[in-house]
Each structure stands twice: as structure tokens, then as C-alpha cells.
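Notes for the one structure printed next.
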Protein chains: 6
Amino acid sequence: MTTPLMNQLGVVKRNIVRAERATVDLLGTLGSATVHEAMGRVGLLKPYMRPIWSGAQVSGSAVTLLLHPGDNWMMHVVAEQIQPGDIVVAAISAECTDGYFGDLLATSFMARGAHALVIDAGVRDVRILKEMGFPVWSKCISAKGTIKATLGSVNIPVLCAGALVNPGDVIVADDDGVAVVPVADAARVAQVAQQREGLEEEKRAKLAAGVLGLDMYAMRGPLEQAGLRYID
Amino acid sequence: MTTPLMNQLGVVKRNIVRAERATVDLLGTLGSATVHEAMGRVGLLKPYMRPIWSGAQVSGSAVTLLLHPGDNWMMHVVAEQIQPGDIVVAAISAECTDGYFGDLLATSFMARGAHALVIDAGVRDVRILKEMGFPVWSKCISAKGTIKATLGSVNIPVLCAGALVNPGDVIVADDDGVAVVPVADAARVAQVAQQREGLEEEKRAKLAAGVLGLDMYAMRGPLEQAGLRYID
Amino acid sequence: MTTPLMNQLGVVKRNIVRAERATVDLLGTLGSATVHEAMGRVGLLKPYMRPIWSGAQVSGSAVTLLLHPGDNWMMHVVAEQIQPGDIVVAAISAECTDGYFGDLLATSFMARGAHALVIDAGVRDVRILKEMGFPVWSKCISAKGTIKATLGSVNIPVLCAGALVNPGDVIVADDDGVAVVPVADAARVAQVAQQREGLEEEKRAKLAAGVLGLDMYAMRGPLEQAGLRYID
Amino acid sequence: MTTPLMNQLGVVKRNIVRAERATVDLLGTLGSATVHEAMGRVGLLKPYMRPIWSGAQVSGSAVTLLLHPGDNWMMHVVAEQIQPGDIVVAAISAECTDGYFGDLLATSFMARGAHALVIDAGVRDVRILKEMGFPVWSKCISAKGTIKATLGSVNIPVLCAGALVNPGDVIVADDDGVAVVPVADAARVAQVAQQREGLEEEKRAKLAAGVLGLDMYAMRGPLEQAGLRYID
Amino acid sequence: MTTPLMNQLGVVKRNIVRAERATVDLLGTLGSATVHEAMGRVGLLKPYMRPIWSGAQVSGSAVTLLLHPGDNWMMHVVAEQIQPGDIVVAAISAECTDGYFGDLLATSFMARGAHALVIDAGVRDVRILKEMGFPVWSKCISAKGTIKATLGSVNIPVLCAGALVNPGDVIVADDDGVAVVPVADAARVAQVAQQREGLEEEKRAKLAAGVLGLDMYAMRGPLEQAGLRYID
Amino acid sequence: MTTPLMNQLGVVKRNIVRAERATVDLLGTLGSATVHEAMGRVGLLKPYMRPIWSGAQVSGSAVTLLLHPGDNWMMHVVAEQIQPGDIVVAAISAECTDGYFGDLLATSFMARGAHALVIDAGVRDVRILKEMGFPVWSKCISAKGTIKATLGSVNIPVLCAGALVNPGDVIVADDDGVAVVPVADAARVAQVAQQREGLEEEKRAKLAAGVLGLDMYAMRGPLEQAGLRYID
């Protein structure tokens, strides 16, 4: 488990293990909240990661990227490693709000089949990105440009917005946030999440009809036992 | 005034005094900015409280809720106390960004006639909440789920986003933020706010015609007296 | 360069030098990101400055304004100094989140021909401002009102959101942020930015066709020289 | 409970009910953590409130103060209401970081017998305040001065750093933070807190001798029941 | 590398691999800045992690701990796993500022031989902890207590303040921050760091004698080549 | 006033105008709060700038420095431009928390006669800096190192922590914060500040004797006129 991270600067790993496409797609339809619940309430990036435009719900295999502050050189390196259905997950080696990514790179990523970008920094050209329909989850939006001078790495484990992302992990992102599912767990999580989702329809109908969660979930007893008192 | 707050954990107060519906509705049409001005520029929640979707303008009687970090058990308890036209105001006993509320609870709240939720924490399923037309003002959006293990209280005074909210207070919320009007002041505040609003139409027409506020409000004299100097 | 700022409280400078309209308009069509790149990656306000509604892209000559916390008296003074095509840039002498500006002032600013407001504080009536089509870039949104008691200044150099803005500077604002171009540099920056923009169309077409930036920019050599290693 | 706060601007309440001196002193010796535990884990100001110098542990009766941003006029009004053993608790009607209080006011407060100042804003002259031995808990330190132009109020209920403070409430402050005990609860809380404290000595001795909390608190059973697994 | 984190809730791993004591001690004498440089400028926790008292410089083997918001039950579980020279590294599953740790737990940790605590949340009793000489690096200080109701895990990989910490990793902490060295790299990093340190003495003497870094590091040529211009 | 900042990258200005030593020293004895008051309550850096150790009170002529994120190459360039009594003021072209400065650079700066460093980023080796007695005001403390790859500039106008600093401006820094006095105003500000300080001694004595500010400043009339009401 103690991979010497220090040896991995300036490295591009070409072959990574991805989850099966059907699993990835299924996780995407279930959404970040349901998927993270199915994992036992873990696996979420911090909530400061927000979509630059609302309404997108996507999934894909993580192609990871470690960048340095103010330097987006490796964005062009990662583009070559993208396979259709991938999501690029970019971490920065120190806090940075610069705009690492704009419409030209998005054009290239889309041409490679990328589903989205997740980046713990800023992006720009956001009006055009929305028109192009390319979804991005980022820490901020900034017109500030970057240079191309320093090496980072592609497809090493990265820490992005408080979560560990290994190359190939399944990313599920929507308006609620971004979830990460380890490849080894993807199939099982998808199954659990789907079961969870299946139960929700019936509950929704009951609640809409006026049934209270107190009764539907049989909570009155446990609440009384915990000491809940009603007063007038 | 020194209500021993420490005695009020695990309590649900069923009967609360609400303002008259006509007053509540009138305050809602006037909006948070006008209402808070009519109160003497007080009564606002902090500006970090934002709508999860824009364009809604609502009012209602506060049904208050005190929750603990990461625990939304009392959301189901509060649902039963909602009357048509109420707004649930949820405070957390410590800072938390978890997603306490999603589409299932919103279905239940809507079935009870709730007008909105105001919560000093996170919510999720925000795309669906928007489709359902259920308005929420929150500190953040987060897919992170909660557990159901700890008692809180319903309809006790709570501190929510820097404001004291008593059960029954009138809540006015729109894209500008959230205002709280004590029940005892609601009628008077509505009257003052309405007068204030009435004067704005005429002003707006004058300003649109090119009249300067400097002249319309007769500010040139006071400004000169205060020492304002014009230079070229 | 050491203008004694301390002498400039309570001052309104009436005559300021503006850039040529054609230059200002051209910079506006190029957008904040391209303009700031053409200046050598300087001249941006901090990224916490966000549009209150998305999709607007404007430019104009800066009419600057120094306000005090919680006091918007000078908003009416600045209105008189607005010429068609100007953008008011408002700095506050200390951190403040109050709502300094609403629909009445926007009506007056629009009647004077203002293109936008940039303010390092809060604004309100944002739903109406959007309906009116008046763009604002601000630090936050807040229903909190202000008083009219203290003098500030108009058309002095101000520090707004981390940038120095002199009266007459060209402001370029869009969904990516806000850029400031000194009057003396406006023509040259417009020229450089336009050239830069011209080159982008061709690049976009190539990238859309699947050409990699690695090849288009001839980066493979420099990357190898910098030590980039590919592994499997 | 719905005191019309809007009627209370520009008011100084002279007579307030204070807790008994012995109770106040006892709470002070117990410290903020123990006192807040004895209240049921409520009653703390937010943790951003920090002492300007470390090592002080004080208690006193709250003399409350509502100030406006950038205006410390009422600091002189409140001075007259201080009785020996009081602690001034200052709230601001909007977020502000200015330095409201320095060595001159501290000299006056000390002459009146004040034990400390708690302020949800900034203070200055902090090196001298430390030399004088006057403790302050504040949001920040700032050299920025204030004006004297606007009325606030003295001895009304205030919201300070996320807590409701009524005049006369007992304030307990130390390096861990600031706790507020309602007058009506002071005697009982002191009793509970003292009992709690009494039990700690024995526990400390056991733990120092190497006894584990697991055994001292008999946690092994409940942990196993909750599903804790040990692996090698 | 894709350890299914979801399987590891409620788990205590008893046997972990620690680095050699001599290596751990040597890294401690070198300090966090030198150690992180020797690793290639990686391996630091975010700078918001600060010592609760200044002047301590320690190292130790990480015993890791995953806690839930507002719940410190596992603090007692981890105590049993501490061996002399260890440092407990506590991560929380969601953002929390509560005071998880005070003088009683510190007494227990010291009895077990712990060198320090690193926690991505709050601690309390800080004045006493300083008197006891027990060092803590934390996100904040808070008197707010926690409950004992939910299982976490001990000695699983954790993400603490933006860094991945595996059980057994070497922790180096001082007034500059906290560095993490993977066990597998500890010996080599110590060697590199020591060499680096050895060179500094000579440099320091030269610089103190007035030699400029420009000359000592032969920077004038590269700077000129990069285009640096001197003007008068 | 519209200096084309874009022309000033990679520039070192050698000759700058400094204020007279006696004036600089006098301003230093008066402190940041008094000096900023004498300027009309302007000229302060934002309050997030804090001393890395408390108790220092210094003044000096600003030698300004513009750095890029994560790059401290120009620190060595600026060292050569330091004259005895100078204070280096370092701005960063984008937000950064890295540790740009440690004990080696401090040794060099001290050998050149620098009085202090003011930097809108991080520093490290803070325990040693304190032992050396070299004062630093910074945004944060971080062990994170920087590279030496990119040109910045020396002695150009910079925006540091919200304030415009021109080379040669007088910097006054103490535990309350950092003030900047333009060279052209230094003599006059020193005179005004000294007068202000002179009046304080007498006031302090009166206040210590129990005289209220209400009476000493004759505030009772104005307060009554403003509408202050006393109730029992």
C-alpha cells in the first residue's frame, strides 16, 4: 500500500484497468448520492467542487492527472491517454485557483471521447463550455491563464478535493457532487445502489400520498425509546 | 427572556402561534429586502444562505428544527408538524455541510403543504428538487448522506445562519436571501413595507426618465455640507 | 506615482480620459481571458467576483467609486458622472457584504447608459436586475440595506478585488471574470488580443479533428527533454 | 419569547439581573469546556473566537452591546454600565473586521472593573492589552480604526458568534473558547459542572497509571456489540 | 492499490509495519521542511494544520484513526494500539470543528508513549496540554465536546488534511507543519534530507558574511538569460 | 497614473526614493494603528497578515517584490537591492500559500540590514526566524518549498494584501498589522500621528482614574440628540 509517491513525478502510465462499460454507465444513471450511500457513505469529493453549468449527470473511468500551481502543460499529455468514456480527474500539488482549462482543450478532450473534467482548481471559457455541452466540476472559475513549464504525472494515484482517486476508478458526477468508486468495488456498488434506488419509487408514492416517514419507517417507537417528548 | 435552552433537547412543541395568512402572504410579495428595511434593517440570515435554484419568492410560518451534525432523524419528526404554508427552518448544533434533505423528504414536505426549507447545512437531489418546484435555501449542496441516531428538537427557538428564529416567525425568502419577522411584528412590518414599496414605483419612473437621485432625493445640499468637492 | 491617496476623500473628479470607443468595444468582444493573456497574464480581479446572472459579456470605461462599509450614499453621486458605455467599479474601504445596489439604482444607471456595475461587496434585487438585463459582477448577493451618511470619492484610483483600477481604464467582464486594461495600453492590448484570437479558430478545427495538442504545439520533444517518462 | 427586536435600537437598559458572584466565580474556575458539557453540550460561541493572548481564564456577567460596522461610539456608552466582574459581549449588526477597541478603552473598562471583552469583530493595541493583562476574545486583530456616528444598544439580547447572549448571562472564557450560561441556569450548571470536574481527578490518575479508557469506561462490550472487529 | 475502503469501517488493525526507530528519530531532527524537500516537495498536510503551542518538533510512526463528526469513541480504541514513539493521526469522515481530545485522553496517550496527536478537527484543554508538554497539530481549537456512539477504524489508510497517511508512515511535525514519509521511503528520505541539511551550514555562514545568494548559487547568468533587466 | 504594468515583468529598479531615516524611525515608534489613523484611516494591509512571532514593532522603506506562485527565485535578486533599514514587501501574482522564505534567506536579508519581510504568502523555519529575531508578517506558515524558474520584478508598484505599495513607501508593522505610508506623505503623517499620540497620555490617565469617555469626550449631548434612550 505504501507506493513511493516520490518516485512518480514526470510519469505517464499508459495502461490502466477500467471497470466494465455497463457498470460505469449504470453507476452514472444512479447518481452521486445513491452511489456514495451504497458504498457506506464514503467516496465523495468535498462539496466545494461544483458543476460550471447545472443539469449534467455523467460517469466515466478516471484518467488521473497531477498538475503544479499555474502550469497546465500536462493537460496536453493527458489528452492522449483519454479513451472514450473517460473522465479526467486533475489534482494540483498546492492550492491554486487559476483557469487551467478552456474551450480549446475541451475541444480536444471531446474529440478523444472524454465525458467530463473534474479539477481541484479553476477553469475558463465557461459560457462556451456550456454551449459545447462539456461538463466540468471545479473549485472555481477564473480567467487567469497558466504556463507550460513543469512536468506533472498522468495516471498515478492523486488526492483530489479530499478524496483518493486511483486511475480507472469510476467517477459519478452530477449537481449534487462527485463520487469515486474503486474499480474493484464498482460491480458490487452498482448492484447495491440499484437495489437502493428500486426501493425509492414505492416510498416516493407513499410520501406523496401523505404517509409520514414516521410511520413508513416505523420510527415512532425508536424515537419514544430515545426519549422524544411531545408538548403543547 | 432567559429560556433555559438546555432543557429543550428531544422536545417537539406541537402548538405554535402563526401570523395571519394574509399578512404572511403580503410579506412574501414584498420580498426579503423590502421586509428587512421595514424592520429597521435587521432580521436577515447571513448571505451565505443561497437558493438551490433561482427565481423562487416565498413566505411562510417558521416550523423550527434543531439537528445534530450528520443526523437527519428529526426531519421525519418535523414533517408531521408542518401545516400548509409553513417553512421549515433547520439549524445544526455544530457546523456541518452534509446533505440532510433530498427528493423523498421534499415529497413528504410538499404533501404536508410546506412552502420551502431553510437549512444551515447541505441538501442533495437538487436537480430533482428544482423539477419538483420545491424551494430550498441552504449553506451548500452535498451528496453526503446522514444517519438517524440522535434526537434534536422541533419548534424551539433556534439560531440559524446568524439569526434567531422562533417558531411561528414569518420567513420571507427570495434570490436576495432570507428574512425573519417576529410574529408580534408581522402586521406592522407588512404595513410599513407596503408603504415603502408603494413609493418605489414613482421613483422608478423618474429615474428611468433620467432624473438623478441627487435631485430626486435633494442630496446636493447635504453632500456639499458634508464637504464633497468636485474637481476637473 | 506616489499620489497621496489620503487627500482624496470626498472628491469627485469630473473629467477623466477614456479609451476610444472602438477599442473598448473590440476588447469586449474578445473577453476577459483573451485580454488578460494579451496583457501578459495580469490585470484580473480575484475570482471571487462573479456575475449575478450568467451569459453577459460587456466592456466599458471605468468610472471608479470608493465607498465605506454599509453606506451607499456615493452611488447617487457616481450616477451623474456616468457617460454612455461606462462601467462603474466600486471598491469598499473595508470588507463588507451588504447589498449596496438594487433595481432603483440600476434604473438610474441604465438611464445614464452604464454597461454594468463591478462591486467588491453585495447587491440585491437580483431577480429584477436579471429581468432588466443589467449585468453586475459582485462579491456576493445580500438583501441587507445600507445608509447614506458618509462621503467617499468618485474617479480616484481604487483597489477593487485585488486589482488597481484607475478611472478610464477599460473593463472587460464575462462569465470568466473581470479584466482591467490601463487606458495607455488599451489599443496595443486590443491588437495583441485580436491576433491571439485569430489563431484560435484554426487550432480549434484541428483539435476537433482529433489532432493532439502534443503534436500541434510540437510538445513531445520538450516534454522528453524535461524528463517525461511513459510506462505501461 | 418574540421580543420585537426592531424596537430596541438606540436603547440602554440600565438594570439587569446578574447571577450570584459565587456562582459566576465557580463557573470561571471550571472552564468553558466543562461548563458547556454540564449544559448538555450547548452554549458555545463559534470556535473562530480566539483569545488575543493565551493563558487567561475568566468569568463574568454579560453586559451586551450591539454595534454597527465600523462604528464604536457605543463602546463609551457601555463603559458606564459596567459593574465590577462584568464581561462586555459585543455583537456587530453585520460582518466586520475593524479594530473597535484598544488600550484607551481597555483602561476605562479596567477602571470600571470589567473582567474581559468578547467581541465578534477586531481589536487593536494587542501588545499593550497583553501587558495590561486585559483579556479579549475576538474574531480578529486589526489596526483599522472606527468612527463614532451611529447608535447601537446596550443590554439587549444579542447574537454573538453564533450564540444568543442575554444581558446578565454568565460568560466563561479561556483558551478553549467562550461559553454562555443563562442566568436562570447558572446555579444548576455550576453544580453539575463541579460534580463532573470532581470525577475527573480520579480518572486522570488511573489513565496516567496506564489503565485504558476502554477498561475504565467498560467500553469493550458495547464496541463489540456495535460490530468492532480486530484484525492482524 | 485499489483497497476497497468501503470494507474497512469498524476495523482495528493491530499489526502495522513501523520504520526503524533511528530513522524516525533522524527525520524528526531534520524537520518538516527539509524532509518534504528531500521527498521532492511532496508529503505535506495542508498549512491550516497548526500546533496548539509553538516550539515542539517531533517525529513518530503513524497510528491512523478515522472518526465521524462529533464522535470520539474510537479515541479510546486507538489508545490501546499506541506503542512508544507513535503519533496518532486522526481524520474525520466529514468536516468538523469539535473538540475531540482533551487532557484526560492526553494523559492516556502519554502513558502509552505517544509523541503527539495530529487531528483534522478541534481539540480542547489546550492550556493544560501545553503544561503537560503534549504536542498537538490540529485544524482548530474548540471547547465543544463529542459523543461516543459510532464506530470508526484504526490503522486503515486515511486522508488527513489533504495527505494520504498509511499506518506506519513516519510523521514529522514542527512549527512549519506536518510531513508524512511512507515507510518504504523513510531510510532513503532520511539520507537525502541529512545531506541537504549538511550543506546548509556552510551556506548560512557565507550568507551571514554578506555573500549574496546571486553569487553563491551562480544565478546571475541564468537570470540574465531569462531576460532580467536592471534599470535605474 | 496609468503606468503600463504589463511592461514591468522581469525588471529590477535599482534607484528608489526613500523617506528620511528619522521620519521612518518616528513612524515606527508610533505603530500601525496610530499611523493609519493619522492618514485618515487608510493604508492598511488586510488583517489576515499576521506576525509569525509577536512583540516586534518595526518600520522601514519598502523594497517591493512581485513573485509568481511557487517560485522564489527573485528573493535572491531582491536581497541585493536591500539597504539597511529596508523592509521587503512581497506580492504574489496569484493566491499561494507556499513557504517562500526560510532561515537561509533571513540570514542574507539580515546581513544586508533588512528590518523585516512582509509577504502575501507563506514562510517557513519560523522557530529559527524567531530565535534570530527576524520579524515577518505573512498570510500563513507553510513548510512547502518553492522552485527557482520564473522571473518576477523588484521595485515596481505591487498590490500586497489589498494595499498598493510603491517602492520607497514607509512600512510600519506590529502586532496590530501593517500600514503603508506613501513617501510624499511620510513627514506630514509622522507629524499628525505624533500629535495624536501626545494627546493619548493625558486621556489614559483620566480614564484610569475612572473618568468616563462619555464625559471626557462630551458625548452625552450628541448621544441624546441622536436619540439614545435609557430605560430601567
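Just so it is clear, the values below take in all heavy atoms, side chains as well, and ignore hydrogens, waters and symmetry mates. Quantities reported herein were computed from a predicted structural model and do not represent experimental measurements. Reminder, nothing fancy here: chain letters follow the sequence lines and each chain counts from 1.
Heavy atoms closer than 4.5 Å to chain C are found in the side chain of B/Leu44, but not in its backbone. When heavy atoms are compared at a cutoff of 4.5 Å, B/Glu37 approaches chain C solely by way of its side chain, counted from C-beta outward. Only the side chain of C/Arg112 comes within less than 4.5 Å of a heavy atom in chain B; its backbone stays farther off. If you measure heavy-atom distances from B/Tyr48 to chain C, you find no contacts under 4.5 Å at all. Proximity to chain B (any heavy atom under 4.5 Å) is restricted, for C/Met74, to the side chain, taken from C-beta onward.
Within residues 129-147 of chain C, the residues that have a heavy atom under 4.5 Å from a heavy atom of chain B are C/Ile141, C/Ser142, C/Ala143, C/Lys144, C/Gly145, C/Thr146, C/Ile147, listed by number.
Atom NE2 of C/His76 sits about 11.5 Å away from atom CG of B/Asp215, to the nearest 0.5 Å. Here NZ of C/Lys148 is found 5.0 Å from CE of B/Met219. Values are rounded to the nearest 0.5 Å. Taking CG of B/Leu207 as the reference point, atom CE of C/Met110 lies at 13.0 Å (rounded to 0.5 Å). Between B/Asp175 atom CG and C/Trp53 atom CH2 the span is 14.0 Å, to the nearest 0.5 Å. Note that the CG atom of C/Asn15 and the CD1 atom of B/Ile231 stand 9.5 Å from one another [nearest 0.5 Å].
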Are C/Arg127 and B/Asp176 close enough, and set up right, to give a side-chain contact (heavy atoms from CB on, under 4.5 Å), and what steps lead you there?
CA-CA 8 Å; C/Arg127 188 173 51 79; B/Asp176 291 342; over 6 Å; no
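Between chain C and the residues B/Arg220, B/Met49, B/Gln57, B/Lys203, the largest count of heavy-atom pairs under 4.5 Å involves B/Arg220. By number of non-hydrogen pairs under 4.5 angstrom with chain B, the leading residue of C/Asn155, C/Asp98, C/Asp103, C/Ile16 is C/Asp103. When each of C/Val126, C/Thr107, C/Leu105, C/Leu104 is checked for heavy-atom pairs under 4.5 Å with chain B, C/Leu104 comes out on top.
Side-chain contact between B/Tyr230 and C/Val11: absent, with no pair of heavy atoms (C-beta onward) separated by less than 4.5 Å. Put simply, the side chain of B/Arg229 does not reach to within 4.5 Å of the side chain of C/Lys13, judged on heavy atoms.
Contact between C/Leu151 and B/Leu228 at its shortest, heavy atoms only, is CD1-N, 3.4 Å.
Within 6.0 Å of CD on B/Glu20 lie no more than 12 heavy atoms contributed by other residues, nucleotides or ligands.
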